[in-house]
Undergrad: 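The structure under discussion is supplied below as structure tokens; questions concerning it will follow.
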Amino acid sequence: MSDIIDGRAMARALSERTAQAVAMLKAEGIDPTLAVVLVGGDPASDIYVRRKISECRKVGMGSIERRMAADCGEQALLDMIDTLNADPAVHGILVQLPLPPGIDAGRVLDRIAPAKDVDGFHPVNVGRLSTGSQGLVPCTPLGIMMLLDSVIDDYRGLNVVVIGKSNIVGKPVAMLLLEREATVTVTHIETRNLPDIARAADVIVAAAGAPHLVRGYWVKPGAVIIDVGITRVVDHDGASRIVGDCATHELDHAKAVTPVPGGVGPMTIACLLSNTVLAAQRSMA
């Protein structure tokens, strides 16, 4: 029976450390503050924003919520980001994605000051990640590494297969693993002989967004599985449920597995708050 890597418990522990760091900063006259910008009325985005604001309050962190109409226009959004960039009381800026049609998400994310880019998406932070220097690391890959650290002591020489090549998860987590001296193969759902490649892995990070892509026969005994996927599926009886990229019920022979939900997801928000504190600490230098 594989061990379950409890992302909820690890996220709570990280948030407790973040709350302690927030209290220390406040004692020095710094109130760590995250600004969240939401454009339009997408229901899912609204839920995500409310949750992030709620988590800020739980750790004692300040938050600013800026809501803009879907037809606000790209320039108005850029102007809003410029205002937040110039505000010394704001330490982290997050623009909730997706953005409405007609707004260039790349241009918007590039406008955020790298020092306040707590999502870690700005090209400057991406470049710092690729060179192993001091940038802000994207939240989901950062959380993945913390989850892996709970079951792996030494990455040197481990064969890691990353399934998914996104700029948000696949590529940055591959770079983080390379920094730990793992041997990393980045694949995707179009990769030929993917099951054979996965079967050779000591660690699989599944981030393809394909429900139950990774089956039991893809996984060798003793492998560690990080399931980043999150997809809502509807069963024959009409009931819906959330599933990951891995068929977890087939993975009893793995060493450890992250559940969906309750694995990577909680760590992402906890790392967002941690990044905001880090940005506030660096603003004092």
Side-chain angles (χ1 to χ4, degrees), residues 1-12 38 40-52 54-55 70 96-101 139-141 143-144 147-148 151 160-170 173 185-201 203-270:
M1 186 70 178
S2 59
D3 293 333
I4 300 299
I5 305 174
D6 190 343
R8 289 193 176 101
M10 291 188 63
R12 285 193 297 269
L38 176 62
D42 179 73
S45 293
D46 184 69
I47 291 171
Y48 294 144
V49 166
R50 290 181 184 278
R51 184 179 175 192
K52 289 165 184 173
S54 174
E55 293 299 319
Q96 184 64 46
L97 301 177
L99 293 171
C139 302
T140 299
I144 289 170
L147 293 167
L148 285 172
V151 293
V160 181
V161 171
V162 177
I163 305 175
K165 58 182 179 62
S166 74
N167 294 329
I168 296 173
V169 180
V173 81
T185 303
V186 178
T187 67
H188 45 81
I189 57 175
E190 300 297 333
T191 299
R192 296 178 181 177
N193 302 318
L194 182 54
D196 294 333
I197 296 171
R199 242 190 322 270
V203 178
I204 296 175
V205 178
H212 289 172
L213 173 70
V214 178
R215 313 300 303 195
Y217 73 93
W218 289 34
V219 177
K220 76 176 184 180
V224 175
I225 311 298
I226 302 294
D227 192 345
V228 189
I230 180 165
T231 304
R232 184 174 295 278
V233 298
V234 178
D235 292 328
H236 295 300
D237 60 1
S240 66
R241 57 193 173 95
I242 299 296
V243 301
D245 282 0
C246 301
T248 308
H249 59 285
E250 299 178 4
L251 300 182
D252 285 349
H253 57 293
K255 176 183 178 181
V257 179
T258 56
V260 177
V264 175
M267 289 298 294
T268 297
I269 292 183

Undergrad: After noting the C-alpha distance and the side-chain angles of Val214 and Ile225, does the key distance pass the side-chain contact (heavy atoms from CB on, under 4.5 Å) rule?
TA: CA-CA 10 Å; Val214 178; Ile225 311 298; 5.5 Å; no
Undergrad: Any salt bridge (charged side-chain N to carboxylate O under 4.0 Å, His left out) involving residues 242-254? Give me the pairs, sequence neighbours left out, ordered by first then second residue.
TA: Arg215-Glu250
Undergrad: Please determine whether side-chain contact (heavy atoms from CB on, under 4.5 Å) holds for the pair Leu251 and Cys246, giving the CA-CA distance in whole Å, both sets of side-chain angles, and the decisive distance to 0.1 Å.
TA: CA-CA 8 Å; Leu251 300 182; Cys246 301; 4.0 Å; yes
Undergrad: Working note: Val264 + Leu147, criterion side-chain contact (heavy atoms from CB on, under 4.5 Å); need CA distance, chi angles, decisive distance, verdict.
TA: CA-CA 8 Å; Val264 175; Leu147 293 167; 3.9 Å; yes
Undergrad: Using side chain to side chain contact (heavy atoms under 4.5 Å, CB included) as the criterion, list what pairs up with Arg192, not counting sequence neighbours.
TA: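 Arg192 satisfies side chain to side chain contact (heavy atoms under 4.5 Å, CB included) with no other residue.
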Undergrad: If you round to the nearest 0.5 Å, how far is CD1 of Ile226 from CG of Leu148?
TA: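 Taking CG in Leu148 and CD1 in Ile226, the distance rounds to 4.0 Å.
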Undergrad: Ignoring hydrogens, what is the shortest heavy-atom contact between Thr231 and Gly209? Give both atom names and the distance.
TA: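 Taking every non-hydrogen atom into account, OG1-O, 4.2 Å.
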Undergrad: Where do Val151 and Ala256 come nearest, in terms of heavy atoms and distance?
TA: CG1-CB, 4.2 Å
Undergrad: Could you tell me which residues satisfy salt bridge (Lys or Arg N to Asp or Glu O under 4.0 Å) with Arg241, sequence neighbours excluded, listed by chain and number?
TA: Asp235
Undergrad: Mind jotting down which residue pairs meet the side chain to side chain donor-acceptor pair (under 3.5 Å) criterion with at least one end in residues 40-49? Sequence neighbours excluded, please.
TA: Asp42-Ser45, Asp46-Arg50, Asp46-Arg67
Undergrad: Is the shortest heavy-atom distance from the side chain of Met10 to the side chain of Pro266 under 4.5 Å?
TA: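 In short, these two side chains do not touch, never coming nearer than 4.5 Å.
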Undergrad: For Ile168, give me all partners under side chain to side chain contact (heavy atoms under 4.5 Å, CB included), at least two apart in sequence or on another chain.
TA: Phe121, Ser166
Undergrad: Applying salt bridge (charged side-chain N to carboxylate O under 4.0 Å, His left out), which residue pairs with at least one partner in residues 218-229 are found, sequence neighbours left out?
TA: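 As it turns out, the salt bridge (charged side-chain N to carboxylate O under 4.0 Å, His left out) pairs with a partner in residues 218-229, which skip direct neighbours, are Asp202-Lys220.
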Undergrad: Where is the tightest heavy-atom contact between Ala207 and Val228, given as atom of each residue plus distance?
TA: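 Reported closest heavy-atom pair: CB-CB, 3.8 Å.
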Undergrad: Has the side chain of Thr187 got a donor or acceptor atom that lies under 3.5 Å from a matching backbone atom of Val162?
TA: yes
Undergrad: Closest approach of Val260 and Gly244, non-hydrogen atoms and distance?
TA: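 The answer is CG1-N, 3.7 Å.
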Undergrad: Applying ring pair (Phe, Tyr, Trp, His ring centres under 6.0 Å), can you list everything that pairs with His249, at least two apart in sequence or on another chain?
TA: His212
Undergrad: Of all residues at least two apart in sequence or in a different chain, which pass the side-chain hydrogen bond (donor to acceptor under 3.5 Å, both in side chains) check with Lys52?
TA: Gln96
Undergrad: Return all side-chain donor-acceptor pairs below 3.5 angstrom for residues 193-201, not counting sequence neighbours, or 'none' if the list is empty.
TA:
| from | atom 1 | to | atom 2 | distance (Å) |
| --- | --- | --- | --- | --- |
| Asp196 | OD1 | Arg199 | NH2 | 2.2 |
| Arg199 | NH1 | Tyr217 | O | 2.9 |

Undergrad: Which pair of non-hydrogen atoms, one from Ala254 and one from Ala223, has the smallest distance, and what is that distance?
TA: CB-O, 3.4 Å
Undergrad: OG of Ser2 to NZ of Lys255: how many Å apart, nearest 0.5 Å?
TA: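 If we round to the nearest 0.5 Å, Ser2:OG and Lys255:NZ are 12.0 Å apart.
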Undergrad: Output all residues satisfying side chain to side chain contact (heavy atoms under 4.5 Å, CB included) with Pro100, sequence neighbours left out; order by chain, then residue number.
TA: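 Only Val39, Ala70, Ile103 meet the side chain to side chain contact (heavy atoms under 4.5 Å, CB included) criterion with Pro100.
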Undergrad: Less than 4.5 Å apart, any side-chain heavy atom of Trp218 and any of Ile163?
TA: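 With C-beta onward as the side chain, the pair touches.
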Undergrad: What pairs meet the side chain to side chain donor-acceptor pair (under 3.5 Å) rule with one or both residues in residues 257-269, with sequence neighbours excluded?
TA: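 The answer is Thr140-Thr268.
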Undergrad: With sequence neighbours excluded, what pairs up with Ile4 under the side chain to side chain contact (heavy atoms under 4.5 Å, CB included) test?
TA: Pro259
